[in-house]
Amino acid sequence: TKGKLARLSLLQDPAYGVPSDVTFQIIRVTNEGTAEIREVLGDVTGHKLVFAASSSVFRNEFFGGLKETTDVIPVKETTYEAFEKMMFFIYQKDIDWSGVTVPEMYDVVNLAERYIMPELMDEMMKQMENVPLKNNEDLLNIAHTATQFHHLFPDVSSALLLSCAKFLQKTIPPSARLQFAIDQSGTGKEVTVLQLLSLAKDLPAVECSNCGGVECLDGQGVVGIDQFNVGLKLRANKSLAAYCGVWGVNGGPNAGEVFTVKSVDKDIKTVNVRGGISLPIVYQNIPTFCYGCI
C-alpha cells in the first residue's frame with residue numbers, strides 16, 4: 001500500500017520534533033488455572049489528534065465525554081504487527097504486504113471493524129482480492145480460511161473466495177473439477193471446494209491471450225489449459241501469437257514473432273513453424289487460449 005500523504009508520516013520520526021502523546025500497549029492475556037497472565041507484545045506510539053481524525057472510536061476515546069485520562073492505552077485481542085499496520089495506514093506510511101499471511105490480514109480486518117475505519121476496510125478488500133496463489137494447495141488453504149472467517153467478515157471473505165474461484169477457473173478445467181472435488185474428501189475442506197466450484201461456474205469466460213475472444217474449450221467458459229495440452233491441441237495453420245519466453249527460441253531473434261503453426265512433435269518439445277524451422281517450446285508464463293486459437 002502506497003501512502004498518499006508522505007509528510008504526515010514524518011510525525012512518526014522523533015527527529016521531526018513533534019513528540020507523541022499516546023502509547024498503545026499491545027497485550028496478550030492468557031489464563032493458567034485461576035491466574036491471568038499478561039504479556040506485553042509491544043508499544044505503538046502516536047498522536048491523539050491524528051488517530052481521532054481517522055476513527056470515530058479514537059475520537060470518542062480521546063476527546064469524548066468519557067475520554068481516557070491516561071496516555072498509555074492497553075489494547076487486547078490483537079497482535080502488535082496488526083496494530084502497527086493500522087498505525088502505518090493512519091499515518092500514510094507505505095505498507096509492504098508481501099509475506100503477510102491471510103490470517104494476519106484478518107487481524108488487520110478485525111481492527112478496521114473494531115475502530116470503524118471504512119477506508120482501511122476497503123484497503124483490506126483490495127489486498128484480499130490480490131492475495132498471490134501459486135498452486136492448488138494455496139488455493140484450498142486460503143479459501144478454507146476465508147470460509148472460516150465468513151461469518152465475522154462476510155464482505156472481505158467473499159472477495160477472497162471470489163479471487164480463489166478465479167484462480168480455480170484458470171487452472172482447473174471443468175472436466176477435471178469433479179475429480180478435484182473427490183480428491184478433497186475427508187480433508188475437512190469439502191464445503192470450501194463446493195463453494196469454489198459454484199463460484200467458478202458463474203464466472204464469465206476468461207479472455208483468450210491470443211485473440212481476446214472468450215470462446216471456451218468445452219462450452220463451460222474456461223480456457224485455461226496446461227502447457228502440455230497447449231501443445232497437443234495446436235491445429236495446423238492457426239496463427240498463434242508468440243509470447244516472448246514462451247514460443248520460439250528463448251532469448252533468440254524469433255522470440256515474440258507471430259508464427260503459423262504447422263505441426264507439433266509428439267513429445268511436445270518443438271513446434272514446426274513456417275519455412276520448416278523447428279523451434280523449441282519454452283514453458284514459461286503460459287497464456288490461456290480459446291478454442292479457436294488452438
Side-chain angles (χ1 to χ4, degrees), residues 1-32 34-97 100-128 145-146 148-160:
T1 305
K2 190 71 175 176
K4 298 177 182 178
L5 299 174
R7 295 193 66 82
L8 184 60
S9 65
L10 291 175
L11 293 174
Q12 286 286 303
D13 183 358
Y16 193 64
V18 181
S20 61
D21 58 0
V22 64
T23 298
F24 298 95
Q25 194 169 77
I26 316 304
I27 298 173
R28 177 164 56 203
V29 178
T30 56
N31 294 303
E32 293 185 7
T34 58
E36 183 179 87
I37 309 300
R38 288 175 162 239
E39 178 187 0
V40 177
L41 302 178
D43 293 338
V44 175
T45 59
H47 304 81
K48 294 179 180 179
L49 190 61
V50 176
F51 275 84
S54 302
S55 159
S56 59
V57 175
F58 285 125
R59 183 174 69 246
N60 292 332
E61 187 172 14
F62 298 136
F63 301 103
L66 299 175
K67 64 183 180 181
E68 289 282 353
T69 58
T70 177
D71 294 332
V72 179
I73 311 297
V75 181
K76 304 175 184 178
E77 298 179 355
T78 190
T79 66
Y80 173 81
E81 291 77 13
F83 201 92
E84 185 181 49
K85 288 284 193 300
M86 183 184 71
M87 181 270 290
F88 285 171
F89 185 84
I90 289 173
Y91 280 88
Q92 294 294 300
K93 286 188 171 185
D94 294 348
I95 302 175
D96 181 10
W97 294 100
V100 179
T101 66
V102 170
E104 289 169 342
M105 286 187 181
Y106 271 109
D107 288 334
V108 182
V109 171
N110 180 47
L111 290 175
E113 183 173 88
R114 183 193 302 188
Y115 292 107
I116 313 178
M117 298 177 63
E119 294 86 0
L120 179 56
M121 189 66 81
D122 289 344
E123 178 61 29
M124 296 314 300
M125 288 272 288
K126 177 181 174 182
Q127 295 303 322
M128 291 293 192
T145 299
Q148 290 177 312
F149 280 98
H150 195 275
H151 67 290
L152 294 173
F153 311 111
D155 292 341
V156 171
S157 298
S158 293
L160 182 55

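Contact check for Val100 versus Lys85: side-chain heavy atoms found under the 4.5 Å cut-off. Taking the side chain as every heavy atom from C-beta outward, Asp96 and Phe88 never approach each other to under 4.5 Å. Side-chain contact between Arg7 and Tyr16 is present, with heavy atoms from C-beta onward closer than 4.5 Å. For the pair Val22 and His47, the minimum side-chain heavy-atom distance is 4.5 Å or more.
For the residue pair Glu123 and Gln127, the shortest heavy atom distance occurs at OE2-NE2, 2.7 Å. Contact record, Ser20 with Gly46: CB-O, 3.0 Å, taken as the closest heavy-atom pair. Across every non-hydrogen atom of Val72 and Thr70, the tightest pair is N-OG1, 3.2 Å. Contact between Thr79 and Ile26 at its shortest, heavy atoms only, is C-CG2, 3.8 Å.
The distance from the CG atom of Asp107 to the CD atom of Glu81 is 8.5 Å, given to the nearest 0.5 Å. Going from atom CG of Leu111 over to atom CE of Met121 covers 9.5 Å, rounded to the nearest 0.5 Å. Here CZ of Phe83 is found 8.0 Å from CZ of Arg114. Values are rounded to the nearest 0.5 Å. Note that CD of Glu113 and CG of Leu152 are 8.0 Å apart. Values are rounded to the nearest 0.5 Å. Note that the CZ atom of Phe58 and the CD1 atom of Ile73 stand 9.5 Å from one another [nearest 0.5 Å]. The distance from the CD atom of Glu36 to the OG1 atom of Thr30 is 8.5 Å, given to the nearest 0.5 Å.
Applying the 6.0 Å contact sphere to CD of Glu77 captures no more than 12 heavy atoms from other residues, nucleotides or ligands. By the 6.0 Å contact criterion, CG on Leu66 is open, its count of non-hydrogen atoms from other residues, nucleotides or ligands being 12 or less. A 6.0 Å sphere centred on CD of Glu39 holds more than 12 heavy atoms belonging to other residues, nucleotides or ligands.
Remark: side-chain polar atoms of Asp21 are paired, donor with acceptor, to backbone N or O of Lys48 under 3.5 angstrom. A donor-acceptor pair under 3.5 Å is absent between the side-chain atoms of Asn110 and the main chain of Tyr106, judged by distance alone. Checked by atom type and distance alone, the side chain of Glu61 never pairs as donor or acceptor with a backbone atom of Ala52 at under 3.5 Å. The backbone N or O of Tyr115 sits less than 3.5 Å from a side-chain atom of Ser55, completing a donor-acceptor pair.
Contacts of Glu104 classified as side-chain hydrogen bond (donor to acceptor under 3.5 Å, both in side chains), with partners at least two apart in sequence or in another chain: Thr101.
Aromatic ring pairs are classed by plane angle as parallel below 30°, tilted from 30° to 60° and perpendicular above 60°; the pair Phe51 and Tyr91 is perpendicular.
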#### Entry: Full working for side-chain contact (heavy atoms from CB on, under 4.5 Å) between Val109 and Met128
CA-CA 10 Å; Val109 171; Met128 291 293 192; 4.3 Å; yes
### Query
Given the rule in the side-chain contact (heavy atoms from CB on, under 4.5 Å) test, do Met86 and Met117 qualify, once you have shown the distances and angles that lead to the verdict?
CA-CA 10 Å; Met86 183 184 71; Met117 298 177 63; 3.8 Å; yes
